[in-house]
Number of protein chains: 2
Amino acid sequence: MQRSERLAEIVEIVRDGRLHLARDIAEALEVSVRTIYRDIDTLVANGVPIDGERGVGYLLREPVFLPPMSLSLVELEALSLGMAIVQEVADEELQSAASGVIAKVGEHASNRRNAPKSWGFGLYEFERAREGLSHMPLLRRAIREGLKLRIDYLSLDEQSSKRTIRPLQTDYWGKVWTLSAWCELRRGFRAFRIDRIQMCEPTGSSFQPEAGKTIEDYLRHVAEQMDREKDSS
Amino acid sequence: MQRSERLAEIVEIVRDGRLHLARDIAEALEVSVRTIYRDIDTLVANGVPIDGERGVGYLLREPVFLPPMSLSLVELEALSLGMAIVQEVADEELQSAASGVIAKVGEHASNRRNAPKSWGFGLYEFERAREGLSHMPLLRRAIREGLKLRIDYLSLDEQSSKRTIRPLQTDYWGKVWTLSAWCELRRGFRAFRIDRIQMCEPTGSSFQPEAGKTIEDYLRHVAEQMDREKDSS
DNA sequence: AGTCCAACTGCCATTATTTGTCAGTTGAGT
DNA sequence: ACTCAACTGACAAATAATGGCAGTTGGACT
């Protein structure tokens, strides 16, 4: 195996976010431990965020993927259009993440002869979508980590309520963002407009995916409902 | 210089889309021609789309960028959200490009512990935006390459007209796509709704960026107009 | 058909890099 | 004080990369 291949392999191994010992990696790749130390050195020198702690092991600081990959010109356009839309449409966290992507990709894509971006877009349709998105980073974290949330919700007919929910998915509808969740108060799936969520905080307890209460169940439920509507019309 | 560095350098050099001779590359990187042949071999073996033609030189088949880069988890989400939106919102060419990006990125991002996508989105708001986008690939090509187009346009008040235009930029407005262009008929900037373009074909002649007729001029013009509106309100 | 060009190939001696071994040191936790 | 595992330096052995050379090949042009 080539050295460069091995470096990629090491990243693959470490990328699962668990702790790894140089000894184990060495064994897996059939090289000596010393070589692994050297390899990790060069990886770190090349910007891969691996943390080594003496007496502990190696850990990847943040989830990365770093495949050298090639995008076609159209794919590049799709990418930058998408990031531009996200910048307009989503909350600040995602927005700056999108900037990050553009920066990382653009840096390398820029020195082409002619790569004028072929699009732009109007802003006013999006302004509404940006309102009241301050909860989104927390919502995303809750979805990722399975945290139950307590929310104060003001429904469209101005009814206020407090609920404990299991956040499943945020949805973008062109004008507004909603949160699909399992509502423990109503014992059913509910979609909440994010701009109508008055307050939102972790309850401290978390949840596991549970049959009948997962996002897949919800999507199936919605699909069935749409079918019924079609039948009756 | 390390071999791996040199390989990256070669890609950088070849990426300008022009023709390159192994001799020149060798000189630039201060290695022998033989080495360059070997390097190109390994690049091709690694999937870099370099075409070598005997008696001619090397050419990069499609514009690529291939930096090994690392994205944070949020950046990954921004990326996939953006691509999902593009898939809903844009024409088939961009749509499949977006799929391509997702495939390339997702492949490497998948074996994380927990990376459920935290969002999805409703479709009905976007359906309108997808109508009548069959011209878009041609429009993008015209913008990139500076091709004049002849179009049949049906304005919103049902007035039909034929024009020769210099396409400058496509714009996404949340519900519809428009094309900003310099109209040679009206001698001014015009925005056309793409779903109202009945027919569209290259005239065969092309145009160079010309002072007063570029996209930057148009954007400045629009910005000034908006300022005036603010003043008068 | 012949000629030119530059990509390509195979071979081999030379040079550079990578590797393993070994004998340490360091820092954190127990 | 002890253990663990990351780290470091040195050196010889193994491996890979390189340059030079003498070809071959395919396309384009005359």
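The analysis underlying the following values was restricted to heavy atoms, covering all of them including side chains, and did not include hydrogens, waters or symmetry mates. Throughout, protein chains are lettered first and strands after them, A, B, ... in sequence-line order, and every chain is numbered starting at 1.
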Closest nucleotide of DNA chain D for A:Leu21 versus for A:Gln2: which of these residues is on the 5' side?
A:Leu21
Taking atom CD of A:Glu27 as the centre, report whether more than 12 heavy atoms of other residues, nucleotides or ligands fall under 6.0 Å from it.
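For A:Glu27, atom CD is not crowded (no more than 12 foreign heavy atoms under 6.0 Å).
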Atom pair distance, as rounded to whole Å: [atom1] in [X] and [atom2] in [N]:
X: B:Leu19; N: C:dC5; atom1: CG; atom2: C1'; answer: 12 Å
X: A:Leu7; N: C:dT17; atom1: CG; atom2: P; answer: 16 Å
X: A:Arg3; N: C:dT19; atom1: CZ; atom2: C1'; answer: 10 Å
X: B:Arg23; N: C:dA7; atom1: CZ; atom2: C1'; answer: 12 Å
X: B:Leu59; N: C:dA7; atom1: CG; atom2: P; answer: 12 Å

Nearest heavy atoms of A:Ala22 and A:Tyr37, plus distance in Å
CB-CE2, 3.7 Å
Aromatic rings B:Tyr218 and B:Phe189: how do their planes relate, parallel, tilted or perpendicular, breaks at 30° and 60°?
tilted
Determine whether a donor-acceptor pair (N or O, by modelled atom type, separation under 3.5 Å) exists between the side chain of A:His135 and the backbone of A:Ile197.
yes
Strictly below 4.0 Å: does B:Tyr37 bring a side-chain N or O up to OP1 or OP2 of C:dA7?
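Answer is yes, contact under 4.0 Å.
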Students should find this one: the first and last nucleotides of DNA chain D, 5' to 3', lying under 4.0 Å from a heavy atom of chain B. What are they?
D:dA17 to D:dG26
Salt bridge or not for B:Asp41 and B:Arg38, using N-O below 4.0 Å?
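Here B:Asp41 does not pair with B:Arg38 in a salt bridge, since their nearest N and O are not under 4.0 Å apart.
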Quick one: what's the B/S/- string for nucleotides 20-30 of chain C, heavy-atom cutoff under 4.0 Å, read 5' to 3'?
BB----BB---
Do we see a donor-acceptor contact under 3.5 Å between the side chains of A:Glu216 and A:Thr214?
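A pair is found: one side chain offers a donor N or O, the other an acceptor, under 3.5 Å apart.
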Testing A:Lys162, A:Arg190, A:Arg163, A:Arg166 for salt bridge (Lys or Arg N to Asp or Glu O under 4.0 Å) with A:Glu184, which one passes?
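Going through the options one by one, the only one that passes is A:Arg166.
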To the nearest 0.5 Å, atom OG of A:Ser134 lies from atom CG of A:Leu139 at 9.0 Å
